[in-house]
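Below, chains carry the letters A, B, ... as their sequence lines are ordered, and counting in each starts from 1. As the structure is a computational prediction, the values presented were derived from the model and not from experiment.
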Number of protein chains: 2
Amino acid sequence: MAYTAGAPAQTDAGTPGSMGDVRRSNLALVLGTVAQSPAGIHLTRAQIAASTGLTKASVSSIVLDLLDAGILRELGLNPQGERGRPGMGLEMNPARGVMGMEINVDYIAAGVTDLSGTVVVQEILERDNRDSASAPVMTALSALAAEVRAAAAAKGVEILGGGLAVPGLVDDGSSTVITAPNLGWRDVKLDVTGLLPGLPLGVTLFNEANAAALAELARGPSGGKDFLFISGEVGVGGGLVIKSELFTGPEGHAGEVGHVVVDPDGRPCSCGGTGCLETIAGQDAIFSAAGVADKRQTRSESMSALTSALTDEEPASLLAVQRAGRSLGVAVASTSRIVDIKTVVLGGHFAVLERWLRPPLLDSLSRYAPGKFLPEHITTAVAGENGALLGAAGSVLRSLVEAPHRLHS
Amino acid sequence: MAYTAGAPAQTDAGTPGSMGDVRRSNLALVLGTVAQSPAGIHLTRAQIAASTGLTKASVSSIVLDLLDAGILRELGLNPQGERGRPGMGLEMNPARGVMGMEINVDYIAAGVTDLSGTVVVQEILERDNRDSASAPVMTALSALAAEVRAAAAAKGVEILGGGLAVPGLVDDGSSTVITAPNLGWRDVKLDVTGLLPGLPLGVTLFNEANAAALAELARGPSGGKDFLFISGEVGVGGGLVIKSELFTGPEGHAGEVGHVVVDPDGRPCSCGGTGCLETIAGQDAIFSAAGVADKRQTRSESMSALTSALTDEEPASLLAVQRAGRSLGVAVASTSRIVDIKTVVLGGHFAVLERWLRPPLLDSLSRYAPGKFLPEHITTAVAGENGALLGAAGSVLRSLVEAPHRLHS
DNA sequence: TTATATAGTTCAAGCAATAAACTAACTAGC
DNA sequence: GCTAGTTAGTTTATTGCTTGAACTATATAA
């Protein structure tokens, strides 16, 4: 019905509210209902008025602004055999788009979606970034981004803003990667705006798991409005979505389920802690426990070695995954009590291994968080490999929908 | 400077914003700055205008509304030896107040603060509520509340709203205690408005630890704007404050640190889980591990037995508290990674035992959440025994400050 | 007593939403 | 094929709230 994210009058606390805030709030409200409308359906002004509760006059005036800003577009009239004057369909302008980018251990990637969220261009470039300095990676990504931007422009799509997802702790305010153990980065300041110069909405930096969580939120109804996304990669990342918002905590680093303590007497973790979930359920941990770790092969080769070992019911592999599942259960149980969440979405290798992980996970949950506290829904990610990419793009799009006044208007 | 809580235009998402929202937002902004001003200082309209950024004209008009509603009061002019016309001091109306109430295992309590937050009346009635049905407890509390209300009225303070704190999981919407293990309550619907009939702001139901956390937020700068409050009682409760707001999660039951898993191979918990923090650091657990559990004595007697045993360096007691401290560390480490919090406030028996708990707690933290992730500030609660009481009252007060338009206006 | 400075109020103007009237564009039915 | 009915979108007057400037009120300083 109404767009949940459009919290009206989003001035900072402590700032006087004026009528401009009302306008901004209603701009977001109108744009939000258009953005939320199902793919084929093009709402008319009258329908927007009915659905938002605004008057037709207000909607007309607001839509005019959004058309001027190039965010919305009018389609022709659609006389659909109903009585009365047909309405003028409206849609998110397909000639504008946002770019998602991703730096990961094995690849860099960039992709563009238009404002309706449909993918226009997408390119993945395999590249070993493990323990590579940031400069060459950024140079390579910059070239890729320019290429993808040109490809989008060739299709008539102009980029308004971008998002970059990185597997590590980030601080968007200062565009800094605080720590990305698997890239070997620590306190690295990135020139993110340099990747895509001259964008009205700039470029935002995201944690990979957070971006992927946002992709889940935008795409399927996999997790609803409240869920914990757990992404199994080399490390174990997490993204916490609460009331359809990414919950980032006071400093922006919330949701790190990978470092919940699941075994106080456990092994040291890459984060410096002890017995973190990652030390048992991270890729390296599972591979070596399963005995499929081989330094000559890539991670995806190791992964297929593991899955075939599992289908062959190879004991060490079964045990390794079982242990990972149980530990996942402990971490989820603890997390669910702290943030009161009942739905878990598994991503990354957890999605691949879901078949084997689920039984020990459920077992563990019923032991550590039984009854009323049991997280009932365990699903797997719907956005696949490129979840982080889509999430980064989608989240920029969403920020536009929530604050359209930043464009021209 | 400005009141952090006064988020402008707080209509529900999906509702059109109109000029009324602006007014509501600015009412809260003005009232917030008055409420935030230090005890002795009485702001004038001009000072409010300067501090909020509103014009003098708007402030005058808004203050008029707040005076009409009986929320603010004018003091006389205060010619303070400065040039120019002296300003008219404003303060929170001391003739209006809010009531906090508490049901706990050993007592029931009720107290009134005026709108400036100073305590007017307070009464604690010892009463063994353990495994008592809810009806007689509510009857007793109702009588106590009426008495305290009359005492406040005698002092010229009219009650506008109330809050009730209960040691258990609650749902305020339906005024239901979902589970309070130590009272033996389960899915008990309480007639909270019946306790204090005819209040314009009604009566709100709180979890005890959450209320106490709010008291910490309101009183000292003990935890700043972001902290985890851990309350050691018979059970172990928790309250999570993030950006000066109580974080309650999607269903309102967040912050239950007492049930973070700290020992996967541990003992069963009253919540049905296994190895929860409460099974090691709850009062019953500590008392019995220390060997000071004696069914004939009250809990406060057991507690003094424990503290004297500790000062005598009695080994079993030292060990019990040490273990509790270490487990606290594990739980805090996990929590800090999930919600990104760096400050912990210890309340209840954790405050009493702080001296002995701190070393193992710090030790444990540096092991499980080292370096950048270390929760740096461990403090003890400033609001003492009656933290929950004060918190319940204070939070009703705060809700008034955030939405003053609910009164008359 | 006068000049100056500060507090608070009054009043016209601007902006955004609303409600009601109005124009536009289509279907249904005779 | 014309008219009545129906729905879409625009125009216009009204309302509510902030703003800014002018104005009144009340103090200190010289």
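Map Met19(A) and Ser61(A) each onto its nearest nucleotide of DNA chain D; the residue landing nearer the 5' end is Ser61(A).
The list of side-chain hydrogen bond (donor to acceptor under 3.5 Å, both in side chains) pairs with a residue in residues 152-161 of chain B, not counting sequence neighbours, reads Arg96(B)-Glu158(B).
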Might you list the N or O atoms of the protein lying below 3.5 Å from N or O atoms in nucleotides 22-25 of chain C, with each pair's distance?
| unit_1 | atom_1 | unit_2 | atom_2 | d |
| --- | --- | --- | --- | --- |
| dA24(C) | O4' | Arg85(A) | NH1 | 3.4 |
| dA24(C) | N3 | Arg85(A) | NH1 | 3.4 |
| dA25(C) | N3 | Arg85(A) | N | 3.3 |

Dump the pairs, protein N or O against N or O of nucleotides 12-14 of chain D, anything under 3.5 Å, distances to one decimal.
none

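Taking atom CG on Leu43(B) and atom C1' on dG8(C), their separation rounds to 15 Å, with Å as the unit. Atom CZ of Arg45(B) is separated from atom P of dT10(C) by 11 Å (rounded to the nearest Å). Between the CG atom of Leu90(B) and the C1' atom of dG8(C) there is a distance of 11 Å, rounded to whole Å. One atom, CD of Glu82(B), and another, P of dA25(D), lie 22 Å apart when rounded to the nearest Å. In this structure, Ile62(A) atom CD1 and dT10(D) atom C1' are separated by 15 Å, rounded to whole Å. Atom pair Met88(A):CE and dT10(D):P shows a separation of 9 Å (rounding to whole Å applied). Nucleotide dT3(D) holds its C1' atom 13 Å from the CZ atom of Arg83(A), rounded to whole Å. Atom-to-atom, CG of Leu29(B) to P of dT18(D) comes out at 11 Å; the value is rounded to the nearest Å.
Set against dC15(C), dT18(C), dT19(D), the side chain of Ser58(A) has dT18(C) as its closest nucleotide.
Looking at heavy atoms from C-beta onward, Ser244(B) lies in side-chain contact with Leu217(B) at the 4.5 angstrom threshold.
A salt bridge links Glu74(B) and Arg45(B); the closest N-O separation between the charged side-chain nitrogens and carboxylate oxygens is under 4.0 Å. The pair Glu245(B)-Arg398(B) counts as a salt bridge, with a side-chain nitrogen and a carboxylate oxygen less than 4.0 angstrom apart.
Within the 4.0 Å cut-off from OP1 or OP2 of dT18(D), at least one side-chain nitrogen or oxygen of Arg23(B) is found. Between dA16(C) and Ser18(B), no contact under 4.0 Å exists linking OP1 or OP2 to a side-chain N or O. Between Asn26(B) and dC17(D), a side-chain N or O to OP1/OP2 separation shorter than 4.0 Å is absent.
Here Arg23(B) pairs with Asp65(B) under the salt bridge (charged side-chain N to carboxylate O under 4.0 Å, His left out) rule; sequence neighbours left out. Not counting sequence neighbours, the partners of Ser18(B) by the side-chain contact (heavy atoms from CB on, under 4.5 Å) test are Asp21(B). With sequence neighbours excluded, no residue satisfies salt bridge (charged side-chain N to carboxylate O under 4.0 Å, His left out) with Glu251(A).
As judged by a 4.0 angstrom heavy-atom cut-off over every strand, Ser60(A) is placed among the base-contacting residues.
For the residue pair Ser58(A)/Thr55(A), the side-chain donor-acceptor check at 3.5 Å is satisfied.
Here the side chain of Thr52(B) pairs a donor or acceptor atom with the backbone of Ile48(B) at under 3.5 angstrom.
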